[in-house]
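A short write-up of the structure that comes next.
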Amino acid sequence: MSDFDLFRLSDEHEMLRDAVRAVCVDKVAPHAAEVDEKAEFPQESYDALRKAGFHAVHVPEEFGGAGADALATCIVIEEVARACASTSLIPAVNKLGTMPLLLSASKDLLKRYLPAVASGEAMFSYALSEPEAGSDAVAMRTTAVRDGEHYVLNGAKRWITNAGISEYYTVMAVTDPDAGANGISAFVVEKSDEGFTFGAPERKLGIKGSPTRELYFDDCRIPADRLVGAEGTGFKTALRTLDHTRVTIAAQAVGIAAGALAYATSYAKERKQFGKSISEFQGIQFMLADMAMKVETARQMTYVAACKSERGDKDLTFFGAAAKCYASDIAMEVTTDAVQVLGGYGYVKDYPVERMMRDAKITQIYEGTNQIQRLVMARQLLS
């Protein structure tokens with residue numbers, strides 16, 4: 001491989017993109033508007049992803065998965081988000097939910113839970129945030145008390161993506177209230193566990209097809225062997241998880257922005273005013289050029305961060321935060337400009353760019369707000 005090849009995707013990655021895009025154009029994009037309008041989980045799109053094997057490509061081959069690398073996983077999420085942001089949270093959250101296990105769990109726990117995710121029989125969500133513990137996750141109040149061969153969980157989690165749909169949940173809970181961050185542990189909770197219930201779906205601005213609900217634990221008793229890693233290591237696992245999965249949110253943001261750019265470009269070629277296509281006006285040309293430049297910059301940052309994730313580079317914390325922060329800010333800018341290019345049509349639901357603009361906003365908020373990302377980056381720079 002020459003040095004120049006480092007700046008070009010492999011043929012395998014390009015073929016993967018083509019395959020995912022074909023599925024999304026045919027089986028995902030046609031449902032995107034209805035999913036948003038009805039705020040319903042995109043079951044038909046999920047079925048299409050499962051049939052094609054794109055619902056959880058990151059799961060290692062030894063557990064029945066495709067064993068896709070971090071860059072390939074980002075390409076899948078990007079292409080799905082280009083068609084439907086809600087649907088892209090299926091592969092993204094499957095990785096988020098299982099990443100703590102991949103980082104810290106015993107082989108037995110991995111064998112128990114990952115095959116079902118790989119086959120599409122089950123989805124996996126991630127539960128860190130609480131009503132009073134968002135950016136300040138160490139302030140969580142959900143507890144897990146050891147009782148013989150079980151742990152008993154009590155508390156609540158908020159803003160949990162795909163809650164109620166997923167069969168499994170990685171839950172962070174306090175096992176030693178006096179130890180601060182070192183007193184937090186990670187557990188696998190199953191949807192069927194007694195004492196585990198869900199709140200009503202949140203009514204959201206965007207990603208309406210991906211249910212967001214609270215989780216409630218009322219003397220929820222789970223086997224002790226569902227502890228992920230050792231007691232007291234949960235918060236470290238949570239932070240390491242986010243280093244990797246913030247890159248997938250960057251990919252989602254790139255996909256949303258790319259979809260908006262593609263639609264705005266196509267519209268500009270077809271829309272006529274003053275006797276000619278609006279794409280012939282320099283003002284529109286400059287807008288599209290800036291949008292394309294921003295999307296490609298965000299994409300390259302995301303791919304670099306994905307490669308660092310795959311290698312486990314020491315500077316992943318910085319690059320994961322940077323990619324997520326930059327790509328999500330760009331997604332908001334580009335989708336807003338796409339609405340502007342379409343003018344009045346961009347503001348109505350008959351066209352997809354207003355949905356894309358609403359969907360883009362959450363990428364600046366979840367998995368750590370962009371203000372928190374800047375704090376993470378600054379700490380890395382100053383450490």
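Just so you know, these numbers come straight off a predicted model, no measurement behind them. The first residue of the sequence shown is numbered 1, and numbering continues consecutively from there. Just the heavy atoms: all of them, side chains too, but no hydrogens, waters or symmetry mates, feed the values below.
- The environment of CD in Gln300 is crowded: more than 12 heavy-atom neighbours from other residues, nucleotides or ligands sit within 6.0 Å.
- The shortest distance between side-chain heavy atoms of Tyr126 and Thr241 falls below 4.5 Å.
- Tyr151 and Glu231 are linked by a side-chain donor-acceptor pair at a separation below 3.5 angstrom, with hydrogens and angles left out of the test.
- For the pairing with His58, the side-chain hydrogen bond (donor to acceptor under 3.5 Å, both in side chains) check across Asp69, Asn94, Thr73, Thr98 returns one residue only, Thr98.
- Within the 4.5 Å cutoff, the side chain of Val23 has heavy atoms near those of the Phe54 side chain.
- In the hydrophobic cluster analysis, where Ile, Leu, Val, Met, Phe, Trp and Tyr join through side-chain heavy atoms closer than 4.5 angstrom, Ile284 is grouped together with Val334.
- One side chain, Asp329 or Asn370, offers a donor N or O that lies under 3.5 Å from an acceptor on the other.
- By the 4.5 Å heavy-atom criterion applied to side chains, Tyr345 and Asp350 are not counted as neighbours.
- In this structure the side chain of Tyr263 reaches within 4.5 angstrom of the side chain of Leu342, judged on heavy atoms.
- For the atom pair CG (Leu101) and OG1 (Thr237), the distance works out to 9.5 Å, reported to the nearest 0.5 Å.
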I'd like to know whether Ile90 forms a side-chain contact (heavy atoms from CB on, under 4.5 Å) with Met123, so could you lay out the CA-CA distance, the side-chain angles of the two residues, the decisive distance to 0.1 Å, and finally the verdict. CA-CA 8 Å; Ile90 293 168; Met123 291 172 59; 4.1 Å; yes

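- Test Ser125, Ser166, Ser210 against Thr161 for side-chain contact (heavy atoms from CB on, under 4.5 Å) and you get one pass: Ser210.
- For the pair Arg358 and Lys208, the minimum side-chain heavy-atom distance is below 4.5 Å.
- Counting heavy atoms from C-beta outward, Arg50 and Asp47 have side chains that approach closer than 4.5 Å.
- Applying side-chain hydrogen bond (donor to acceptor under 3.5 Å, both in side chains) to Thr245 and the options Arg240, Lys95, Glu367 leaves one that passes, Glu367.
- In this structure, the side chain of Thr175 does not engage the main chain of Ala144 through any donor-acceptor pair within 3.5 Å.
- Taking CG of Asp359 as the reference point, atom CD1 of Ile256 lies at 5.5 Å (rounded to 0.5 Å).
- Listed here is the closest heavy atom pair of Ala268 and Ser277: O-OG, 2.7 Å.
- In this structure, the separation between NZ on Lys308 and NZ on Lys314 is 12.0 Å, given to the nearest 0.5 Å.
- Taking all atoms of both residues into account, the shortest heavy-atom contact from Glu214 to Pro131 is OE2-CG, 3.8 Å.
- No more than 12 heavy atoms of other residues, nucleotides or ligands lie within 6.0 Å of CD in Glu44, so this atom counts as exposed by the packing criterion.
- Here Leu96 contributes atom CG and Leu89 contributes atom CG; the two are 9.5 Å apart, rounded to the nearest 0.5 Å.
- Shown here for Ala92 and Thr248, the closest heavy-atom pair between the two residues is CB-OG1, 4.4 Å.
- Formation of a donor-acceptor pair under 3.5 Å by the Gln285 side chain with backbone atoms of Ser279 is found in this model.
- Of the inter-residue distances, the one linking Trp159 atom CH2 with Thr212 atom OG1 reads 8.0 Å to the nearest 0.5 angstrom.
- Partners of Glu79 by side-chain hydrogen bond (donor to acceptor under 3.5 Å, both in side chains), not counting sequence neighbours, listed by chain and number: Arg17, Arg21.
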Let's go through Gln380 and Asp315 carefully: what are the C-alpha distance in whole Å and the side-chain angles of both, what is the deciding distance for side-chain contact (heavy atoms from CB on, under 4.5 Å) to 0.1 Å, and is it a yes or a no? CA-CA 8 Å; Gln380 293 296 306; Asp315 56 1; over 6 Å; no

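- When only modelled atom types and interatomic distance are considered, Thr142 and Glu130 share a side-chain donor-acceptor pair under 3.5 Å.
- Around the CD atom of Glu34, the shell of radius 6.0 Å holds no more than 12 heavy atoms that belong to other residues, nucleotides or ligands.
- Side chain of Arg146 to backbone of Gly148: a donor-acceptor contact under 3.5 angstrom is found.
- If you check the side chains of Thr143 and Asn154, you find no donor sitting under 3.5 Å from an acceptor.
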Set out, in order, the CA-CA distance, both residues' side-chain angles and the distance that settles side chain to side chain donor-acceptor pair (under 3.5 Å) for Arg226 and Tyr113, then state yes or no. CA-CA 10 Å; Arg226 291 209 218 141; Tyr113 288 107; 3.2 Å; yes

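- Qualifying salt bridge (Lys or Arg N to Asp or Glu O under 4.0 Å) partners for Lys191, counting only residues two or more places apart in sequence or in other chains: none.
- For the side-chain contact (heavy atoms from CB on, under 4.5 Å) criterion with Val228, the lone passing option out of Ser104, Ser185, Ser106 is Ser104.
- Within 6.0 Å of the NZ atom in Lys204, the count of heavy atoms belonging to other residues, nucleotides or ligands exceeds 12.
- Side-chain contact check for Tyr366 and Gln252: at least one donor-acceptor pair (N or O, by modelled atom type) lies under 3.5 Å.
- Within the structure, the ring-ring contact (aromatic ring centres under 6.0 Å, His included) test picks out the following pairs touching residues 190-232 (sequence neighbours left out): Tyr169-Phe196, Tyr169-Phe198, Phe196-Phe198, Phe196-Phe217.
- A salt bridge links Lys107 with Glu62: the closest approach of a Lys/Arg side-chain nitrogen to an acidic carboxylate oxygen falls below 4.0 angstrom.
- Residues Phe319 and Leu381 fall within the same hydrophobic cluster, defined by Ile, Leu, Val, Met, Phe, Trp and Tyr side chains chained together at heavy-atom separations under 4.5 Å.
- Both Val138 and Val174 are members of a single hydrophobic cluster when ILVMFWY side chains are connected at heavy-atom separations under 4.5 Å.
- Rounding to the nearest 0.5 Å gives a distance of 5.5 Å between CG of Asp193 and CD of Glu190.
- With a 4.5 Å cut-off on side-chain heavy atoms, Gln273 and Arg271 count as touching.
- Between Ile222 and His150, the closest side-chain pair of non-hydrogen atoms is not below 4.5 Å.
- Connection of Val117 to Met99 is established within a shared hydrophobic cluster, with ILVMFWY side chains joined at heavy-atom distances below 4.5 Å, either directly or through further cluster members.
- By the neighbour-count criterion of 12 heavy atoms within 6.0 Å, atom CZ of Arg141 is sparsely surrounded, having that number or fewer from other residues, nucleotides or ligands.
- Other residues, nucleotides and ligands place no more than 12 heavy atoms under 6.0 Å from the CZ atom of Arg379.
- Between Val59 and Ala118 the shortest heavy-atom distance is CG1-CB, 3.8 Å.
- For the residue pair Leu215 and Ala127, the shortest heavy atom distance occurs at CD1-CB, 3.7 Å.
- In terms of hydrophobic clustering, with Ile, Leu, Val, Met, Phe, Trp and Tyr side chains grouped at heavy-atom distances under 4.5 Å, Leu103 and Ile184 are assigned to different clusters.
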Stepwise, does the side-chain contact (heavy atoms from CB on, under 4.5 Å) test hold for Lys236 with Asn182? CA-CA 8 Å; Lys236 292 178 182 177; Asn182 293 323; 3.7 Å; yes

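- Using modelled atom types, one finds a donor on one side chain and an acceptor on the other under 3.5 Å when comparing Gln364 with Lys361.
- When every heavy atom of Ala327 is checked against every heavy atom of Val254, the shortest pair comes out as CB-CG2, 4.0 Å.
- Salt-bridge annotation for Lys294 and Asp290: absent, with no side-chain N of the basic residue lying under 4.0 Å from a carboxylate O of the acidic one.
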Should Val35 and Glu40 be marked as a side-chain contact (heavy atoms from CB on, under 4.5 Å) after you check the CA-CA gap, both sets of side-chain angles, and the distance that decides it? CA-CA 5 Å; Val35 162; Glu40 293 180 350; 5.8 Å; no

